[in-house]
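Beneath this line is the structure, given in structure tokens, with notes to follow.
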Amino acid sequence: MSQLILHDYEMDEDSYRVRLLMSFLGVTAERVAVDMFPGHVHDSPAFRRLSPLGLMPVLEIHGTPLAGSAAILATLAACQDETRQWLPTEPALHGDVMSWLTFSERALAAARQARLCALFALAGDTARMEAEARSAFRVLEDRMTLNRIEGRDWIVGTQPTIADLALFPSFALSRDYGIDHNDYPALRLWLRRLRRLPGFITMPGIPDYH
Amino acid sequence: MSRLATQWLPVALSADIEPSTSAGLHVEGHELVVWRDASGNAHVWEDRCPHRGMRLSFGFVRGDHIACLYHGWQYDAAGQCRHIPAHPQLDVPQTIRVPRLAAREAAGLIWATEQDSLTFPPAAETVAAEPVQTLAINTPVDRLADALSKAGWVGDGTFGRLDVEGLRLIVGLHPANDGKALMHVLVEAGMAGPRARIEAARFAQALRDRIEAGVAIPGEAA
């Protein structure tokens with residue numbers, strides 16, 4: 001996997017998920033900026049040849065495109081992390097990580113869309129999106145509360161995994177669309193731990209740890 | 001008038017505000033920041049930097065100062081501005097201050113009031129408790145207190161004991177904004193193994209969901 005090209009967009013949270021894992025793993029890629037807003041380049045015929053659903057980002061591995069953060073996180077964690085910390089091979093942990101990737105894609109879809117509506121003035125039922133985002137954050141808050149009582153600081157197991165990376169950006173960015181962090185003390189502490197990990201990088205809306 | 005003017009309110013679990021961190025907090029129209037300095041003291045202030053009105057809860061804690069995320073103005077534990085990075089030589093005027101509330105810790109909770117002459121609730125002075133969870137509930141605080149009382153909660157409407165399913169819970173409430181309430185749940189020390197705290201968390205989460213759905217809660221008289 002020596003030749004990597006990442007098609008990403010600075011303000012896109014899924015692009016950030018991939019950049020962040022690459023930073024933790026020490027993997028570098030050539031970057032191609034995709035003008036999602038206002039350009040809608042991710043909807044263009046040329047980009048759809050790389051990503052049939054228009055999913056962002058796209059990672060080209062030796063010329064083969066891989067689209068969407070979940071597929072890219074799982075692939076990089078399987079191929080570029082000899083310790084397998086980020087995607088454990090032990091079946092129960094592996095399954096748990098994969099199910100939280102599904103949660104990110106489905107339950108946090110409304111959170112992603114609410115943010116895009118707020119930042120780029122897209123049309124949509126933002127009240128419904130915010131309500132769905134709050135429901136998803138509550139599930140995560142309850143889970144992290146139980147984990148903490150059991151002495152576990154991360155979503156799955158005792159170390160950070162790609163499940164954490166698939167989940168936390170939507171919460172970290174929630175203030176972009178008017179959901180403050182007051183009601184989520186366990187998620188706030190989890191976010192703080194993530195920001196202190198060696199190799200952590202920022203994006204607009206997710207500042208460095210001070 | 002908010003209840004902060006007339007009584008001590010439990011506003012957060014002590015364990016949720018780690019040293020050198022801050023968090024935003026709404027209490028009946030008040031926007032507050034609760035933060036803990038590096039030596040462990042908890043503070044509850046108005047959540048506004050006097051400079052540009054930025055939320056101090058977005059800022060960061062350095063030693064016994066909290067700094068605003070915008071321009072780095074630093075405030076000491078008395079709320080007095082001590083340092084303005086853009087004017088490092090300036091002797092900062094005494095008038096640049098953040099309004100503070102009185103804050104105390106007892107029973108595993110951080111408490112706040114606007115009237116520090118008020119007597120602190122004696123029931124909270126003597127309890128030792130282990131933290132479980134703070135839950136945001138979409139119901140007015142009086143409705144929540146009423147439902148808890150019917151389930152056997154013995155307290156003063158803000159803080160008390162609830163014996164359920166072999167657990168002795170300590171439950172504190174405060175009204176947030178927009179008709180929401182925050183419920184702080186702990187278990188009395190002595191039964192505080194992880195198992196008791198897990199059961200308490202599951203009980204509290206189910207209670208929240210039932211109250212929001214308008215379903216009678218366990219123990220509540222029909």
Side-chain angles (χ1 to χ4, degrees), chain A residues 107 126-128 130-155 157-158 168 171-197 200 202-210, chain B residues 11-18 20-27 31-34 47 55 57-62 66-69 72 110 130-138 176-178 180-185 187 192-202 204-206 208-209 212:
Chain A
T126 52
R128 181 191 57 78
E130 284 179 32
E132 285 185 27
R134 285 179 200 278
S135 299
F137 296 158
R138 179 180 274 189
V139 171
L140 293 173
E141 174 74 17
D142 286 355
R143 165 77 177 215
M144 282 308 299
T145 296
L146 296 172
N147 285 5
R148 265 173 80 208
I149 293 171
E150 290 172 342
R152 297 188 289 114
D153 285 343
W154 310 100
I155 286 284
T158 55
F168 94 89
F171 173 69
L173 294 165
S174 72
R175 297 191 285 213
D176 284 353
Y177 50 95
I179 298 181
D180 64 44
H181 290 175
N182 298 12
D183 293 347
Y184 309 101
L187 298 186
R188 200 170 61 226
L189 292 169
W190 172 57
L191 179 55
R192 179 167 182 257
R193 286 191 289 276
L194 276 155
R195 290 164 63 202
R196 297 176 76 175
L197 290 174
F200 183 84
T202 64
M203 72 168 278
I206 307 181
D208 231 332
Y209 175 72
H210 289 286
Chain B
V11 295
L13 292 175
S14 291
D16 280 344
I17 309 298
E18 294 181 344
S20 303
T21 69
S22 62
L25 171 71
H26 290 162
V27 183
E31 296 192 343
L32 306 175
V33 53
V34 50
D47 195 10
R55 285 171 199 271
S57 55
F58 287 18
F60 47 94
V61 179
R62 281 273 186 281
I66 187 166
C68 180
L69 188 64
I110 298 174
E130 296 284 336
V132 173
Q133 184 172 5
T134 289
L135 303 96
I137 305 188
N138 290 314
N177 288 357
D178 306 320
K180 272 196 306 191
L182 260 66
M183 177 168 79
H184 311 286
V185 179
V187 290
R195 184 46 45 197
R197 292 166 67 209
I198 291 277
E199 285 174 22
R202 290 194 189 285
Q205 291 166 11
R208 170 198 63 202
D209 296 345
E212 285 189 354

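Every chain is numbered from 1, with letters handed out A, B, ... down the list of sequences. Predicted model only: the values in this text are computed from it and were never measured.
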- Message: So for A:I149, is it side chain, backbone, both, or neither that comes closer than 4.5 Å to the heavy atoms of chain B?
- Response: both
- Message: Need one label for A:D180: side chain, backbone, both or neither, based on atoms under 4.5 Å from any heavy atom in chain B.
- Response: side chain
- Report yes if some heavy atom in the side chain of A:R134 is under 4.5 Å from a heavy atom in the side chain of B:N138; otherwise report no. no
- Task: Please say whether more than 12 non-hydrogen atoms of neighbouring residues, nucleotides or ligands are located less than 6.0 Å from CZ in B:R202.
- Result: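 Count not over threshold, so no.
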If I measure from the heavy atoms of chain A, does [X] come under 4.5 Å with its side chain, its backbone, both, or neither?
X	value
B:D209	side chain
B:R208	side chain
B:I198	both
B:T21	side chain
B:I17	side chain

- Message: Quick check for you: to the nearest 0.5 Å, what is the distance between A:T145 atom OG1 and B:L13 atom CG?
- Response: 9.5 Å
- Item | Between CD on residue B:Q133 and CG on residue A:D142, distance to nearest 0.5 Å | 5.0 Å
- Query: In terms of heavy-atom pairs under 4.5 Å with chain A, which of B:L25, B:V34, B:L182, B:T134 leads?
  - Reply: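 The option with the most such pairs is B:L25.
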- Most heavy-atom pairs under 4.5 angstrom with chain B, which of A:R188, A:E141, A:R138, A:H181?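 Among the listed options, the one with the most contacts to chain B is A:R138.
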- Query: With the threshold set at 4.0 Å, does a side-chain nitrogen-carboxylate oxygen contact exist between B:K180 and A:D183?
  - Reply: yes
- Message: Go through it in stages, so that I can follow the logic: the residues are A:N182 and B:E31, the test is side chain to side chain contact (heavy atoms under 4.5 Å, CB included), and I'd like the CA-CA distance, side-chain angles, deciding distance and then a yes or no.
- Response: CA-CA 10 Å; A:N182 298 12; B:E31 296 192 343; over 6 Å; no
- Query: Under the side chain to side chain donor-acceptor pair (under 3.5 Å) test, which residues partner A:R192, sequence neighbours left out?
  - Reply: A:Y209, B:E18
- At their closest point, which heavy atom of B:A15 faces which heavy atom of A:L189, and how far apart are they?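 Reported closest heavy-atom pair: O-CD1, 4.3 Å.
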